[in-house]
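Everything numeric here is computed off the predicted structure, so don't read it as measured data. Nothing fancy with the numbering, it's 1 onward along the sequence. Order of appearance sets the numbers: ligands from 1, and atoms from 1 within every ligand.
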Amino acid sequence: MAQSSFNEADRSIHCPYSEKCGACAYAGMTYEGELKVKDAEIKKTFAGICTFPPINGMYRPVYYRNKVHAVVSGDKDHSIITGTYEEGTHNVVAVEQCMIEDKQCNAIMNTLRKLFASFKYKPYDEDSKQGFIRHVLMRKGFSTKEVMVVLVTGDIMFPSKNNFVKALLDEQPEITTIVQNVNNMGNSMVLGSRNKTLYGKGYIEDALCGYRFRISPSSFYQINPAQTEKLYKTAIRMAEITKNDTVIDAYCGIGTIGIVASKNAGNVIAVELNKDAVHDAKINAELNKVTNIRFVNEDAGEFLVDYAREKRADVVIMDPPRSGSTPEFLNSLLQIQPSRIVYISCNPETQARDLQLLLKGGYQVKETAAYDLFPHTGHVETVVLLSKVDK
Ligand code: SAH
């Protein structure tokens, strides 16, 4: 099969899997061309709402993903393959080299495939519920060089566990932790709820904007740290936070934005639904000796409805998942009336929908920015600053 390649001159990638894999919608296009398409899409999505300056692209838009996921499956000849689901199907496309994933993780994946075969581990079959290995998830701290390998298995039983761990570390000694995640559910979720640390501390740490963060297997962490730093810096600058301000960091994940924002704030209240992420977030505050932040493990909408009844906030930074925020959250926001709202989004469609509600509720757009966190794919990240319209 043809090798994937990167063209330095036009910063395009050429990938033999791109058509079947579907992740890189702009594979083959020059990166300049891709950024222009992304600008045009943003313009169309926010027509009548706000305008954006040109999107901030990456200098070298390859191997940028610090998180790598692969499905483990059997080929027609029963050899083990790792890869991704073919777009819209449950067929697995074998991927041996990915242009947007970290190179070291790619090499570890190749070792894993070889070891799965030599240890005679069978890929898990979703229909018959037979077999052992379901998925591999890897995360790397680009600043710390820590690497976590999560082996998702259909069963807690791990045959020849110690020998396998030893063989993996012999070939890939830079791995800092190995976790077994048991997923015996019949759904499309990658991770089950049970983690068992086989080697190391069970999580990795990374550094971002001068702070250190712990990341567990199931916690959300931005996949492109170089671009994320730029995005966070812009979002926090936009918020113009002072020591008199109460700041809400909604959909906070492991607390990254709230912790970075806490430096200039009076106090920060951060809310997040995922229990493991909140656990990480609390440790992250301690790790960074941040004492003016408090974490709430709750649905952001439910939290804000209660909060709006009696409390006030000066700044709300919100970074919801792709589905966007909820009317519950947004209406409570309108009740609280913070002087600044910074809305970060990985899905312009839902952000545009939510902005319309905020504009009707007495806010205006003051500044916007877009970052390409996901080069070659169809995704973009946008950030919008809103302020109250003076009456
Ligand atoms: N601000 C963080 C995380 C952004 S991703 C960062 O930059 O790293 C969105 C986060 O919203 C995820 O951590 C997800 O677990 C969380 N989330 C999803 N639905 C939620 C809800 N209803 N209430 C609160 N948090 C939610």
Side-chain angles (χ1 to χ4, degrees), residues 65-67 139 141-143 189-191 193 203-209 211-236 238-239 247-262 265 268-285 287-288 290 293-308 315-333 341-348 350-351 354 369 371 373-374 379-384:
R65 281 189 67 99
N66 61 10
K67 176 178 164 183
R139 307 185 94 157
F142 280 4
S143 303
M189 300 283 286
V190 173
L191 295 179
S193 53
Y203 57 87
I204 56 161
E205 287 180 10
D206 197 19
L208 207 62
C209 300
Y211 292 85
R212 214 171 159 92
F213 295 102
R214 163 208 276 244
I215 310 148
S216 292
S218 68
S219 298
F220 177 90
Y221 183 62
Q222 292 284 0
I223 57 100
N224 184 337
Q227 291 290 88
T228 299
E229 279 210 343
K230 295 183 200 162
L231 168 80
Y232 282 0
K233 278 185 184 150
T234 298
I236 288 168
M238 283 178 173
V247 179
I248 293 179
D249 173 11
Y251 310 92
C252 73
I254 59 170
T256 42
I257 296 174
I259 287 173
V260 180
S262 68
V268 181
I269 302 150
V271 54
E272 161 65 44
L273 190 61
N274 179 313
K275 174 167 78 38
D276 294 341
V278 173
H279 178 74
D280 285 351
K282 287 180 179 167
I283 291 170
N284 287 333
L287 208 62
N288 293 289
V290 171
I293 191 164
R294 152 171 100 78
F295 293 96
V296 182
N297 184 194
E298 203 179 332
D299 168 82
E302 284 175 17
F303 165 79
L304 215 62
V305 169
D306 280 347
Y307 189 90
V315 176
V316 173
I317 303 177
M318 53 189 286
D319 184 9
R322 287 188 60 72
S323 53
S325 191
T326 56
E328 207 183 17
F329 183 94
L330 297 166
N331 287 323
S332 303
L333 202 51
I341 299 172
V342 178
Y343 188 152
I344 302 171
S345 167
C346 56
N347 185 352
T350 55
Q351 187 180 33
D354 293 347
Y371 288 86
L373 258 57
F374 318 99
H379 301 289
V380 296
E381 191 90 3
T382 42
V383 50
V384 175

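- Atom CG of L231 is separated from atom CG of L373 by 6.0 Å, given to the nearest 0.5 angstrom.
- We find the CD-CZ distance between E272 and F295 to be 10.0 Å, quoted to the nearest 0.5 Å.
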Please set out all donor-acceptor pairs under 3.5 angstrom arising from side-chain atoms of residues 247-257, sequence neighbours excluded.
unit_1	atom_1	unit_2	atom_2	d
D249	OD2	G258	N	2.8
Y251	OH	S325	OG	3.0
T256	OG1	Y232	OH	2.9

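- A distance limit of 4.0 angstrom between heavy atoms and ligand 1 selects the residues F220, Q222, Y232, Y251, C252, G253, T256, I257, E272, L273, N274, E298, D299, A300, D319, P321.
- Rounding to the nearest 0.5 Å places CZ of R139 at 6.5 Å from CD1 of I204.
- Residues S219 and D280 bring a donor and an acceptor atom of their side chains to less than 3.5 Å of each other.
- To the nearest 0.5 Å, atoms CG (L304) and CE (M318) are separated by 9.0 Å.
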